Amino acid sequence: MLDAVLAIRAASYAISFAVSLLIFGYSFYGYAKIRDSLLAQEAVAFLLLALGAAFGVFSFWGYYFDAVGFLIIGILHAKTAQKLPFALLIMPEIFGAGIAIIFSLYAGVETLLFYSKKKMRGTLFSGIAFLIIAASMFIGTIPAFPSSVAYIAQAVGYVLLLPAVVT
Amino acid sequence: MRYRLAIIVDVLRSVSENPGGLKVSEIVRKANVPYTRLSEMLDDLEASGLITKVKGDDNNSAYYIITSKGTKFLKEYERFKRFAENMGIEL
């Protein structure tokens with residue numbers, strides 16, 4: 001049973017690492033092509049999430065990379081916010097769970113608000129992805145919850161970010 | 001407020017929609033950019049190879065046309081604008 005959980009954990013972090021690295025590369029390539037600073041910030045954020053996944057496999061330091069990564073993503077969304085107060089309303093409930101959870105949740109809500117305006121399928125997937133990643137981190141902090149569920153949710157969340165690159 | 005990149009894209013779009021070229025006064029109107037700001041921007045875009053200046057038939061008026069590099073830049077912009085919007089961010 002423990003081996004299965006460890007295998008799911010390793011697969012989850014590997015998927016998170018690979019998707020984050022892909023989005024980092026694509027964002028950086030976009031920045032190199034059109035010199036938009038938002039793409040550069042997106043690249044830095046996903047590089048930190050990739051490092052978070054890499055370090056998260058063997059230490060708690062991964063959360064710190066996640067925290068800064070999602071902080072940057074949160075700031076990015078705040079710059080182009082749709083309805084900032086609404087997105088912030090749901091934050092205090094889980095404030096204690098960590099900065100990474102807060103900002104991934106915030107990014108998810110903001111992205112879904114953005115979807116309500118743009119109606120792009122990729123945006124919908126990204127919004128749901130951020131929320132699932134936030135949920136996975138949140139349930140990962142609850143000792144009574146099976147950790148394999150958190151790892152599977154994390155992997156699903158990162159995979160849902162892929163349509164942003166390919167659509 | 002429009003960022004510089006958004007203004008550049010508006011200028012390039014205006015010019016690309018008129019294959020015969022646009023005068024500065026026409027770009028001012030179509031891209032909604034003040035003349036003083038546009039003048040400097042056109043010099044930068046020309047130096048970057050995104051647009052080129054050609055003389056009109058009467059040799060007095062100058063027209064700006066988009067280059068293949070400029071067209072490619074616009075395509076790249078649209079591509080990464082879509083990516084950013086997929087991620088919930090507006091460029």
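No experiment lies behind these values; they were computed from the predicted model shown. Reminder, nothing fancy here: chain letters follow the sequence lines and each chain counts from 1.
Surrounding OH of Tyr35(B) are at most 12 heavy atoms belonging to other residues, nucleotides or ligands under 6.0 Å away. Tyr63(B) OH: 12 or fewer foreign heavy atoms inside a 6.0 Å radius. In this structure, Arg79(B) places its CZ atom where more than 12 heavy-atom neighbours from other residues, nucleotides or ligands lie under 6.0 Å away.
Residues Leu38(A) and Ile7(B) are members of one and the same hydrophobic cluster, defined by side-chain heavy-atom contacts under 4.5 angstrom among Ile, Leu, Val, Met, Phe, Trp and Tyr. A single hydrophobic cluster is seen to contain both Tyr77(B) and Val165(A), as judged by linkage of ILVMFWY side chains at heavy-atom distances under 4.5 Å, directly or through other members. Residues Val54(B) and Ile66(B) are members of separate hydrophobic clusters, defined by side-chain heavy-atom contacts under 4.5 angstrom among Ile, Leu, Val, Met, Phe, Trp and Tyr. Transitive grouping of hydrophobic side chains (ILVMFWY, heavy atoms separated by less than 4.5 Å) brings Leu47(A) and Ile75(A) into a common cluster.
Contacts of Phe125(A) with chain B are absent, with no heavy-atom separation under 4.5 Å from either backbone or side chain. In this structure, the portion of Leu5(B) lying under 4.5 Å from any heavy atom of chain A is its side chain and not its backbone. Looking at Lys33(A), both its backbone and its side chain come within 4.5 Å of chain B, counting heavy atoms on both sides. The contact between Ser27(A) and chain B is made by backbone and side chain atoms together, counting heavy-atom distances below 4.5 Å.
Note that the CE atom of Met87(B) and the CD1 atom of Ile73(A) stand 6.0 Å from one another [nearest 0.5 Å]. Atom-to-atom distance recorded for Arg35(A):CZ and Arg4(B):CZ is 13.5 Å, nearest 0.5 angstrom. Rounded to the nearest 0.5 Å, atoms CD1 (Ile34(A)) and CD (Glu78(B)) are 9.5 Å apart.
Taking the six-membered ring where the residue is Trp, Tyr26(A) and Phe80(B) present tilted rings, their angle falling between 30° and 60°.
Among all heavy-atom pairs drawn from Ser126(A) and Asn86(B), the shortest one is OG-O, 2.6 Å.
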For the pair Glu110(A) and Ile89(B), evaluate side chain to side chain contact (heavy atoms under 4.5 Å, CB included) and give the outcome as yes or no after the intermediate values. CA-CA 9 Å; Glu110(A) 264 303 330; Ile89(B) 298 161; over 6 Å; no
